[in-house]
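These numbers come from a predicted model, not from an experiment.
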Amino acid sequence: MTDSENVDKTLTDGASGGLKKSKKKQKRENAWRPEGPRDPFAMLDSLPEKEQQEIQKALHLFSLGTSLPKTLQQAKKHTYRFWDTQPVPRLDDHITTHGPLEEADVIQNEPHLLPLGFSWDALDLSRSSVLTELCHLLNENYTEDDDNTMRFDFSPEYLLWALQPPNWLHQWNLGVRVDTNKKLVGFVAAVPADVRIYETKKRLVQVKFLCVHKKLRLKRMTPVLIRELKRRVNQQGLCQAVYTAGTVLPTPISSCSQWHRPLNPRKLMELNFPGLKQNMDLRRAQKFNRLPEVTKIKGLRPMTKEDASGIHSLLERNICNFHLSPLLSPQEVEHWFLPKENVNDTYVVEADDGTLSDLVSFYSVSSRVLNHPVHGGLRAACLLYVVCTATGVAELMQDTLVLAKSKGFDVFCALDVMDSVSFLEKLKFTISNKSVHYYLYNWMCPLMSPDKIGLVLPN
């Protein structure tokens, strides 16, 4: 008898030595079971969340051996089967020139082929049911902590803000569905953007939310998603892209560190959040991270729609300080900076003469805490942009922390980009073990230090 036959016999006989159940009892127990093979997605979803978490944690640990490198040293030992075929610099390249790595080629009319049983779908995010599907896919599969205790909890409002700036295109919200049940199992998006790369002004796309369902990652759908998105972008005459990742790919133009500033030390300590200083009890942590009750800067107020032109002027004067920075239209300024409830906040400093002298903006990222006896979620404020012409950066950020805490955020996050180094340690931010790497697709240029990055991608 073969091993598979032994397994089948064990499953049918039961663990008690082969005692057969009565036909009536067996029929009663099987009454709920559908005919044919069971859907593994449905089987997993039917389990209690604690059991789902244990299974996902085991899968996560099992997959660590083949995960992408997170440091340059690891990357140099890694073989990139897909990226070695793409127009991106190699890890050992020393680049001193500027320009594209390949010229525009003939664009195929037909979409790239997916594995059998899957189909492309340009997601119509104006339909609430489709937007809900996308939220579910990203919240369950986009990324998670190494110990699988927290997952992102993107809201529909946040995704519309991130994916629908002026001139966005429906066909660039690229989804993959299962043919049989139309389940959404893959996604990647691009949004149009103008950026300044050193002295070159370039129209390109920002690539966002590349996500494949956990159970399908061995089918190598990610390369097909990227190729198909590239084809659709090329059809609009664009050949370059900017994107970020927490892993090292060929080849980062800059690698930036993530920093955290506790706003709710008690909650962060109860969640074992890594942004707290080690060997510090709750009382010391609360004292160390205490903030003033009110802001100090005169003229600091929330942005209004009428401020868009003034902010546009501030940003235009500021971009010359960086090697990579956004070139925003007045309409894009309004989209990215005008405050939206539970999505983003922007504050300006208005001088006595009515002009705007300073700007700070941050966006909201919520996470779902899994199986904690007290806490169900975590709210992080993430720095988007800061410009100071009359106020010190540290003073403006101190008031920003006060405002974020008053809005119920638990932690404030920032990258060491722009002028952040001048305030991070002073305002008691702590560096994390995570990095954000910046990439350009089909464009070569010299490397940039983090303080020369003036672009943050809400992702």
Side-chain angles (χ1 to χ4, degrees), residues 68 80-89 100-115 118-126 130-131 133-135 137-138 141-143 154 159-179 183-195 202-213 216-217 219-247 249-253 437-443 455 457-459:
L68 287 169
Y80 294 92
R81 287 189 293 165
F82 169 70
W83 289 106
D84 285 346
T85 68
Q86 299 301 298
V88 294
L101 285 105
E102 71 175 16
E103 297 301 328
D105 202 353
V106 177
I107 304 169
Q108 69 180 58
N109 293 323
E110 296 301 318
H112 289 277
L113 292 177
L114 281 166
F118 299 91
S119 301
W120 297 113
D121 184 21
L123 300 190
D124 181 2
L125 299 184
S126 65
V130 175
L131 192 55
E133 280 185 286
L134 180 57
C135 285
L137 173 71
L138 295 177
N141 300 278
Y142 185 52
T143 186
F154 295 117
L159 292 182
L160 290 177
W161 175 70
L163 295 175
Q164 292 189 345
N167 302 313
W168 67 277
L169 293 178
H170 167 253
Q171 63 266 35
W172 288 355
N173 290 324
L174 182 59
V176 175
R177 293 190 181 276
V178 180
D179 287 342
K183 184 181 179 72
L184 183 66
V185 293
F187 181 76
V188 67
V191 297
D194 291 289
V195 300
K202 198 71 185 170
R203 179 75 165 176
L204 43 66
V205 295
Q206 298 174 1
V207 179
K208 299 186 172 190
F209 298 112
L210 175 59
C211 178
V212 174
H213 198 289
L216 298 176
R217 289 176 185 169
K219 289 186 174 289
R220 292 191 56 77
M221 279 193 181
T222 298
V224 189
L225 271 166
I226 295 172
R227 286 192 177 103
E228 178 59 19
L229 183 64
K230 175 187 176 182
R231 187 188 72 86
R232 297 183 182 212
V233 169
N234 289 166
Q235 285 180 326
Q236 304 302 315
L238 302 182
C239 301
Q240 279 76 38
V242 61
Y243 50 100
T244 59
T247 53
L249 307 169
T251 296
I253 58 168
H437 307 282
Y438 280 75
Y439 300 91
L440 290 172
Y441 186 90
N442 192 23
W443 191 264
L455 175 68
L457 304 181
N459 220 356

Looking at every non-hydrogen atom in both residues, tell me the closest pair between [X] and [Y] and how far apart they are.
| X | Y | value |
| --- | --- | --- |
| N167 | P192 | O-CG, 3.2 Å |
| H170 | L123 | CD2-O, 3.3 Å |
| K202 | Q240 | CE-OE1, 3.0 Å |
| L114 | S119 | CD1-C, 3.5 Å |
| R232 | W172 | O-NE1, 3.3 Å |
| A190 | V233 | CB-CG2, 4.2 Å |

Nearest 0.5 angstrom please: [X] [atom1] to [Y] [atom2], how far?
| X | Y | atom1 | atom2 | answer |
| --- | --- | --- | --- | --- |
| Q235 | Q171 | CD | CD | 7.5 Å |
| L160 | L131 | CG | CG | 5.0 Å |
| L174 | D121 | CG | CG | 9.0 Å |
| K219 | F118 | NZ | CZ | 5.0 Å |
| M221 | L216 | CE | CG | 5.0 Å |
| L138 | C211 | CG | SG | 5.0 Å |

Between [X] and [Y], is any pair of side-chain heavy atoms under 4.5 Å apart?
| X | Y | value |
| --- | --- | --- |
| P252 | Y438 | no |
| P458 | K208 | yes |
| R227 | Q86 | yes |
| Q206 | T244 | no |
| I226 | W83 | yes |
| Y80 | T251 | no |
| L163 | N173 | yes |
| L229 | L210 | no |

Say whether, by atom type as modelled, one donor and one acceptor occur between the side chain of [X] and the main chain of [Y] under 3.5 angstrom.
| X | Y | result |
| --- | --- | --- |
| R217 | V212 | yes |
| H437 | L249 | no |
| D124 | S126 | yes |
| E228 | H112 | yes |

(Q) Under the rule for side chain to side chain contact (heavy atoms under 4.5 Å, CB included), what residues qualify as partners of P87, not counting sequence neighbours? (A)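 Only L101, E102, K230, Y441, N442 meet the side chain to side chain contact (heavy atoms under 4.5 Å, CB included) criterion with P87.
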Q | From CA spacing to verdict: side chain to side chain contact (heavy atoms under 4.5 Å, CB included), W120, L225 | A | CA-CA 9 Å; W120 297 113; L225 271 166; 3.7 Å; yes
Q. Between F209 and F154, how do the two ring planes meet: parallel, tilted or perpendicular, split at 30° and 60°?
A.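 F209 and F154: perpendicular rings.
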